[in-house]
2 protein chains.
Amino acid sequence: MNFQQLRSVREAARRGYNLTEVANALFTSQPGVSRQIRELEEELGIDIFERNGKRLTGLTEPGKEVLHIVERLLLEAENLQRAGETYSGKTTGTLSIAATHTQTRYVLPRAVQHFRTAFPDVRIALQQSAPEHIAEWVLSGKADIGIATEGLSRFEGLVSFPCYEWHHVIVVPDGHPLLAVKSVTLELLAQYPLITYDIGFTGRSHIDQAFTEQQISPDIVLTAMDSDVIQQYVTMNLGVGIVASMAAEHLPANLHPIPANHLFASNVTRVAVRRGAFLREYAIDFIQQLAPKLKLNELAEAVNWRR
Amino acid sequence: MNFQQLRSVREAARRGYNLTEVANALFTSQPGVSRQIRELEEELGIDIFERNGKRLTGLTEPGKEVLHIVERLLLEAENLQRAGETYSGKTTGTLSIAATHTQTRYVLPRAVQHFRTAFPDVRIALQQSAPEHIAEWVLSGKADIGIATEGLSRFEGLVSFPCYEWHHVIVVPDGHPLLAVKSVTLELLAQYPLITYDIGFTGRSHIDQAFTEQQISPDIVLTAMDSDVIQQYVTMNLGVGIVASMAAEHLPANLHPIPANHLFASNVTRVAVRRGAFLREYAIDFIQQLAPKLKLNELAEAVNWRR
DNA sequence: TATCCTTACGGAATTCGTAAGCATG
DNA sequence: CATGCTTACGAATTCCGTAAGGATA
């Protein structure tokens, strides 16, 4: 058993069982990959892959179990590498962050700027994606850190920490009737067409929840994944916007914020890492930047309690 | 990075940093081991071991972190082997069980007998030890299964399941005054010298607890790790014995049991496996033999939830 | 017939053990 | 001076890529 065999198996599963592609990905020859896989299968005494004639078509039942273990093995191997890099005082490396648009656009810039000065030699890979995919990315090791407001705490394989709390804010264009109202109510709000986030994004669930509780059906005419798009359509007078407070901090001159703390439940943005991951010094630093209240030993314990 | 390097590091830490010994254990040459370790250190860019001149004396700070990861890696590798053996339908292998004396003596014989007929080609390694060590053995992978009444549930790295419930029983020799009493009380019992288990063994904590709650100080004249010794001394009229009900089932003719269900809290014997371990079919069978109420999917989930 | 996997083979690189050298308690 | 680690070197093994062969959509 060796690591090249394990890499071949993992890559084969990831790349749709096409060994030619696997060979390219691993910078080796196709017969080599073929051999690695067969040798591992022989050593374990089982078929890992289903074969249709000569072509691989999928995983066998035992193969699925094997793949799980192989993934864990390779993740631990990466942990080992990173441990080495950390303690050898290397400041180079890559910090891979998966975050939603809202985080990437309004929250991360400050953290990234600080990070750049603190660790100038570390490359940052920002992966913007939907909350449900962020968890996947972190679980698979493709991202070191995941940041989102929804859907991170459901995964056993992740440890997540609260970063900060925020509210939704109503955004209207110049001269909108709501600007004259002292305290906006949900009923009032529901009289206008609304523009807000897609389901599953940026606290959308709390918006729906608020309306449902008061048995009001809002007229949501348009949803988007990001606040810029929402603002764009509010400017075009298509409706009243509901965006995250972070997005409402720097509005263009023709748009105006109206507080909505009293209407929608507050949201907590969380940062997540894979349970058992070895975190580089700079990754820990970045997390602490995002969640300043988080104690270092809390973090270490939560991530490594598996020991 | 390769597995031989990892094995060398682990073995070095286990064998007191004597590379000559490590070489023997791994059936290779001493310079080979030396090289493996140095190459891994070079690849990771750190010193794993403290050196005093040429000799290894211990782990460096980073080395401790590295060792943790290495241990996990090698355990996963063993999991992979076992997965192969399981699915390839091999009935050979070894089931390593760590248990207390009481379990080994009175509970395991039946399970082992059943196991021998079901899996005649699997060797059984019974490791008898103190409860606190059982957890260690299972955690380190030296034992597949641990069985004890105390001290298994405290470990995050273990998953444990209840096997069966039992009580303590009072044991007295022929003609003892307690035999004439209808229902023994703690006060009455405390008037005699007592012989029972060592602290930390076989439900001893529940015995102490019962006396403490009634503010009685029993006169425990002798403690032992196992029931045979206790019975021996009861026979010699040194005092009244308190043993596990399993041990009182087959008493010699000159000793007599007196129920004590009403005096001491009942005990639950538990079986534990390492979280994330891959369990061979026969190991699962053995566990089910011990804990018949345990559902298969419960077990699988608890052990592998890490995925 | 184009794609994809296997087999065969030979050269290259790695690995490993022996023997000798050196440090330490 | 005995134990224990390192260095040096050569042999053996393993590894890997190229080229050819065969199966399948």
Side-chain angles (χ1 to χ4, degrees), chain A residues 1-60 62-63 66-67 70 73-74 77 80-81, chain B residues 1-60 62-63 66-67 70 73-74 77 80-81:
Chain A
M1 185 192 313
N2 63 53
F3 284 101
Q4 189 67 1
Q5 292 169 349
L6 303 181
R7 275 188 288 269
S8 301
V9 166
R10 178 175 70 175
E11 219 54 35
R14 286 188 179 172
R15 314 214 165 229
Y17 316 107
N18 182 329
L19 299 196
T20 310
E21 232 182 278
V22 171
N24 292 332
L26 297 180
F27 303 103
T28 180
S29 69
Q30 183 274 318
V33 172
S34 193
R35 210 176 11 231
Q36 301 294 356
I37 290 178
R38 252 183 315 104
E39 282 175 3
L40 185 61
E41 287 184 324
E42 273 168 32
E43 180 174 346
L44 298 181
I46 54 176
D47 283 357
I48 297 172
F49 295 100
E50 297 273 7
R51 286 172 174 78
N52 201 336
K54 286 193 173 181
R55 310 204 174 181
L56 308 204
T57 55
L59 288 163
T60 62
V66 165
L67 182 63
V70 167
L73 264 164
L74 291 172
L80 198 50
Q81 294 282 10
Chain B
M1 186 191 313
N2 63 52
F3 284 101
Q4 189 67 359
Q5 292 169 349
L6 304 181
R7 275 189 288 268
S8 301
V9 166
R10 178 174 72 174
E11 219 54 35
R14 286 187 179 173
R15 314 219 164 223
Y17 315 107
N18 182 330
L19 300 196
T20 310
E21 236 181 274
V22 171
N24 291 332
L26 297 180
F27 303 103
T28 180
S29 70
Q30 183 274 318
V33 171
S34 194
R35 209 177 10 232
Q36 302 293 356
I37 289 178
R38 251 183 314 105
E39 281 175 3
L40 185 60
E41 289 185 323
E42 274 168 32
E43 181 173 347
L44 297 182
I46 53 176
D47 282 358
I48 298 172
F49 295 100
E50 297 272 10
R51 286 171 172 79
N52 201 336
K54 285 193 172 181
R55 312 208 172 178
L56 308 203
T57 55
L59 287 163
T60 61
V66 165
L67 183 62
V70 167
L73 265 163
L74 291 172
L80 198 51
Q81 293 282 9

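Labels below follow one simple rule: chain letters A, B, ... track the order of the sequence lines, proteins then strands, and each chain is numbered from 1. What you see is a predicted model; the values in this text were computed from it and never measured.
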Should [X] be listed as having a side-chain N or O under 4.0 Å from OP1 or OP2 of [N]?
| X | N | result |
| --- | --- | --- |
| A:Asn18 | C:dT3 | no |
| B:Thr20 | D:dC5 | yes |
| A:Asn52 | C:dC5 | no |
| B:Thr28 | C:dC16 | no |

Between atom [atom1] in [X] and atom [atom2] in [N], what is the gap in whole Å?
| X | N | atom1 | atom2 | answer |
| --- | --- | --- | --- | --- |
| A:Tyr17 | C:dT3 | OH | P | 23 Å |
| B:Gln4 | D:dT14 | CD | P | 14 Å |
| A:Glu42 | C:dT7 | CD | C1' | 13 Å |
| A:Leu56 | D:dA25 | CG | P | 13 Å |
| A:Arg15 | C:dC5 | CZ | P | 14 Å |
| A:Phe3 | C:dT14 | CZ | C1' | 18 Å |
| A:Arg38 | D:dC16 | CZ | P | 14 Å |
| B:Gln30 | C:dC22 | CD | P | 16 Å |

Determine yes or no for a side-chain-to-main-chain donor-acceptor pair under 3.5 angstrom, with A:Glu50 supplying the side chain and A:Gly63 the backbone.
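Checked: no pair found.
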[atom1]/[X] to [atom2]/[Y] distance, rounded to the nearest 0.5 angstrom?
| X | Y | atom1 | atom2 | value |
| --- | --- | --- | --- | --- |
| B:Glu11 | B:Asn24 | CD | CG | 11.0 Å |
| A:Leu6 | A:Ile37 | CG | CD1 | 11.0 Å |
| B:Leu44 | A:Gln81 | CG | CD | 6.0 Å |

Find out whether A:Val9 and A:Ile48 are in side-chain contact, i.e. whether some heavy atom of one side chain is under 4.5 Å from a heavy atom of the other.
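A:Val9 vs A:Ile48: side chains touch.
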Contact class for [X] vs. all strands (heavy atom < 4.0 Å): base, sugar-phosphate, or nothing?
| X | value |
| --- | --- |
| B:Phe49 | nothing |
| A:Gln36 | sugar-phosphate |
| A:Gly53 | sugar-phosphate |
| A:Arg51 | sugar-phosphate |

Output the single nucleotide from C:dT24, C:dC4, C:dA8 whose closest atom is nearest the side chain of A:Arg55.
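In terms of side-chain proximity for A:Arg55, the closest of C:dT24, C:dC4, C:dA8 is C:dC4.
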Considering only side-chain heavy atoms of B:Arg35, which listed nucleotide, D:dT18, C:dT15, D:dC9, is closest?
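Out of D:dT18, C:dT15, D:dC9, the nucleotide with an atom closest to B:Arg35's side chain is D:dC9.
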Starting at the 5' end of DNA chain D and moving along, which residue's nearest nucleotide shows up first, A:Gly32 or A:Lys54?
A:Gly32
Taking for each residue the nucleotide of DNA chain D bearing the nearest heavy atom, is the 5' side occupied by A:Phe27 or by B:Pro31?
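Closer to the 5' end of DNA chain D: B:Pro31.
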